[in-house]
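Working notes for the structure below.
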Amino acid sequence: MTTPTSTPAHEQHVSPYTLPATTHSYLQRSAESLAEAMVSTDLAARYAGAHVAALRAAAALLAARARPAPARRRPQKNAWVLLAEVAPELGEWATFFAAGAAKRAAAEAGSTRSITEREADDLVRDADRFLAVVEQALGLVPHAPAPVQLARRAG
């Protein structure tokens with residue numbers, strides 16, 4: 001597997017009309033994950049769904065901007081590291097979501113001990129904002145932020 005190289009954002013010439021189909025697919029899947037997270041009454045599912053939505057938005061940008069590096073062996077990098085390299089203007093977002101990866105893994109395993117309802121709700125809102133930032137970075141009209149009316153846990 002080759003790793004993408006970094007090209008400064010100001011040197012990127014990505015037209016929204018020539019974006020790869022993969023980019024559009026990741027954006028759609030991101031929106032779907034986000035919608036599922038918004039209506040989930042399960043804290044772990046809400047947190048994990050929001051984080052996955054952000055990850056898919058990052059993948060959309062990487063699919064549009066990243067270019068394969070030479071065939072030399074390089075260490076594998078996760079999506080957040082690659083995002084910071086390929087889109088330095090999104091470095092703070094990458095750092096933010098990378099910090100939540102362990103909690104997402106725990107949430108996917110069913111643990112809710114380390115996730116509060118507030119954290120899950122905040123992550124849904126942050127993932128929604130991040131998706132809009134990625135859409136704009138790709139030259140697309142950002143979606144309107146969802147009127148976040150998060151589902152509440154029963155009982």
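Hydrogens, waters and symmetry mates are skipped; everything else that's a heavy atom, side chains included, is used.
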With the side chain counted from C-beta on, respond yes when [X] and [Y] share a heavy-atom pair under 4.5 Å apart, and no when they do not.
X: E135; Y: V141; result: no
X: L131; Y: R56; result: no
X: E108; Y: V52; result: yes
X: V134; Y: L140; result: no
X: L82; Y: E85; result: yes

Would D122 and R125 count as a salt bridge (Lys or Arg N to Asp or Glu O under 4.0 Å) here? Give the steps. CA-CA 5 Å; D122 287 348; R125 284 186 281 274; 2.9 Å; yes

For W80 and F97, take the angle between the two ring planes, folded into 0 to 90°, and tell me which bin it lands in: parallel under 30, tilted 30 to 60, perpendicular over 60.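 Answer is parallel, since the angle falls under 30°.
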
* Report the relative orientation of the aromatic rings in Y47 and H51; use parallel for angles under 30°, tilted for 30 to 60°, perpendicular for over 60°. =>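 Geometry flag for H51 against Y47: parallel rings.
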
N/O donor-acceptor pair under 3.5 Å between [X] side chain and [Y] backbone:
X: S25; Y: A21; answer: no
X: E119; Y: T116; answer: yes
X: T95; Y: G91; answer: yes
X: R46; Y: S40; answer: yes
X: E117; Y: L43; answer: no
X: K103; Y: I115; answer: no
X: T23; Y: A60; answer: yes

F96-L83 co-clustered via ILVMFWY side chain contacts under 4.5 Å: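 As far as the 4.5 Å side-chain criterion goes, L83 and F96 are connected within one cluster.
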
inquiry  = Does atom CD (Q136) have a neighbourhood of more than 12 heavy atoms from anything else shown, all under 6.0 Å?
reply    =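 At most 12 heavy atoms, drawn from other residues, nucleotides or ligands, come within 6.0 Å of this atom.
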
Looking only at heavy atoms, what is the nearest atom pair of [X] and [Y], with distance?
X: L55; Y: A79; answer: CD1-CB, 3.7 Å
X: A58; Y: F130; answer: N-CE2, 3.9 Å
X: S30; Y: A53; answer: OG-O, 2.6 Å
X: A50; Y: A37; answer: N-CB, 3.6 Å

**Asked** Run the salt bridge (Lys or Arg N to Asp or Glu O under 4.0 Å) check on R129 and D126 step by step: do they pass?
**Response** CA-CA 5 Å; R129 270 183 251 145; D126 291 335; 3.2 Å; yes

- How long is the span from the CG atom in L61 to the CG atom in L27, to the nearest 0.5 Å?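 Output value for this atom pair is 9.0 Å.
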
